[in-house]
Number of protein chains: 2
Amino acid sequence: MSSPAVHSGPGEHDHESRPLRADARRNRERVLEAASTVFAEEGIEASVAEIARRAGVGVGTLFRHFPTKHDLLLATLEVGFDEIVVAVDEALATDDSWAGLAHVLTVCAEIQARDRGFLDAVGPELFAEPSLQLRNAERMELLTRLVERARADGVVRDDLRAEDLPFLLSALGGATRTCGNTQQAAPTDLWRRYLGIILDGIRPSGATPLPVSAPTLEQLTARCRSASGS
Amino acid sequence: MSSPAVHSGPGEHDHESRPLRADARRNRERVLEAASTVFAEEGIEASVAEIARRAGVGVGTLFRHFPTKHDLLLATLEVGFDEIVVAVDEALATDDSWAGLAHVLTVCAEIQARDRGFLDAVGPELFAEPSLQLRNAERMELLTRLVERARADGVVRDDLRAEDLPFLLSALGGATRTCGNTQQAAPTDLWRRYLGIILDGIRPSGATPLPVSAPTLEQLTARCRSASGS
DNA sequence: TTCGAAACGGATTGGTCGCTCCGGTTGTTG
DNA sequence: CAACAACCGGAGCGACCAATCCGTTTCGAA
């Protein structure tokens, strides 16, 4: 999973073309940075005009670097994705399989809590995006290892599946959203409370049989694809 | 119910004025009905034009009856609210305090699952709406009774508070939303799975202390008010 | 049956959005 | 330094939206 390279060489290519001019590279960077903050603060409904303004460039420049608002958003999310990958790696490196699982969920929730764009995009968007499906598959494979191990150790309920994690995170996102999101007066950790409840809910102790079986990976992706096609 | 008739007599008032004309009353009804279906199917972002079309009236007519899209939405939600109130009453009438609590949560979740408008509006909107705050206060009082009783019976964790329920429902809403919402191919009960996990999470058995204390009622309303003012 | 008030409907307004287009500017190369 | 391709900015386009306005139709009381 550690193949982030390909990505930020000083000569940045679009296809196979020649390196970008110096000012172009600088502007691209500014746009990306502005988009990160703006999306984080206002969610994915923030307007591209606002982003361009904050970046100090014209909208034309913005769209030359990112042909679509959606492309820009995806580029913005990369950081969070990498963060999650790191968290999963850390988790798998630990002996304590419960702590590892809890750590991953906590990190994901933290990202959602501080970045409204991530919160809006994750779930539907994340799994629907064709350009991300390969990466998603890898991520799911790691998550499966994590969950299987925890189950083998008897620290989570028997019927928990890796495919549940995205949904549990969406659930947490729901709580986070109404808890009061980023940049608001008195930024709150209230979501941690509900993460705590969910964590207790996936523990084995006194687990009640779940009424519906877990989604398969296919269901997960298919479902999200159709959801984003609105 | 028939002699005071402040409410749904055949002569429906707006303020203190004279009764509506027959066609007006019929159209108002049609609009409300169309709005219910459309909001349920498409969420609160559905356009008023679409609603008017489905109702077979002009937008002018729609706006005469409901001065604002928001007013129309609120009128639409009434049904769900009533349903919740009934569920709470039923719950309080039962001896089994755990079953009662679970019942209320289930009913709320069912409403969210079949009505995307409700799903979108609940949480932020619901508690922020000034015109609903009185009703919300009543509802919270009933919920408090429910939770206190369950706690006294030892069937839920000690640190659960009534104020947590709205957030837990929002959480469930998050899962429901990404599960695939209403009117979609293969309408799913997957959310029941996560409701199950949350229910286990609020049980006392092996409960881990929660990292953040519950929100006060003031925090709850204040937070939502600011959220909706975007 | 008459007639005025009430209700209707949809063209229109004012606004926002993502995105395009093109005349002007700037970096780079020889 | 010259000269051209690459790059910039922002006015403008088309689409959508909630909400308004006003000429026309319909109801129902007299």
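Letters go in sequence order (proteins before strands), and every chain restarts at 1.
Contact annotation: B:T68 side-chain N/O to D:dA19 OP1/OP2 distance is under 4.0 Å. Look at B:T61 and you'll find a side-chain N or O under 4.0 angstrom from OP1 or OP2 of C:dG9. For A:H65, a side-chain nitrogen or oxygen approaches OP1 or OP2 of D:dC8 to under 4.0 Å. Between A:N27 and D:dC7 there is no side-chain polar atom (N or O) within less than 4.0 angstrom of OP1 or OP2.
Between B:G60 and B:S47, the one whose closest nucleotide on DNA chain D sits nearer the 5' end is B:S47. Along DNA chain D, the nucleotide nearest B:E45 and the nucleotide nearest B:D23 are compared for position; the residue whose nucleotide lies closer to the 5' end is B:E45.
The residue B:A22 sits close only to the backbone: its heavy atoms come under 4.0 Å of sugar-phosphate atoms, none of a base. A:A55 comes within contact range of no nucleotide atom at all, as no heavy-atom separation falls under 4.0 Å.
Between A:L20 atom CG and C:dT29 atom P there is a gap of 13 Å when expressed in whole angstrom units. Between the CZ atom of B:R53 and the P atom of D:dC17 there is a distance of 12 Å, given to the nearest Å. One interatomic measurement links the two molecules: CD1 of B:I51 to P of C:dG9, which rounds to 16 Å at whole-angstrom precision.
Of the charged side-chain nitrogens involved, none lies within less than 4.0 Å of a carboxylate oxygen, so that B:R114 and B:E110 do not count as a salt-bridged pair. For the pair B:R135 and B:E78, the salt-bridge criterion is met [side-chain N within less than 4.0 Å of a carboxylate O]. Salt bridge A:R26/A:E29: absent, no basic N to carboxylate O contact under 4.0 Å.
For B:R21 against C:dA7, a side-chain-to-base donor-acceptor contact under 3.5 Å is absent.
Judged by distance alone, the side chain of B:K69 and the main-chain N or O of B:S47 form no donor-acceptor pair under 3.5 Å.
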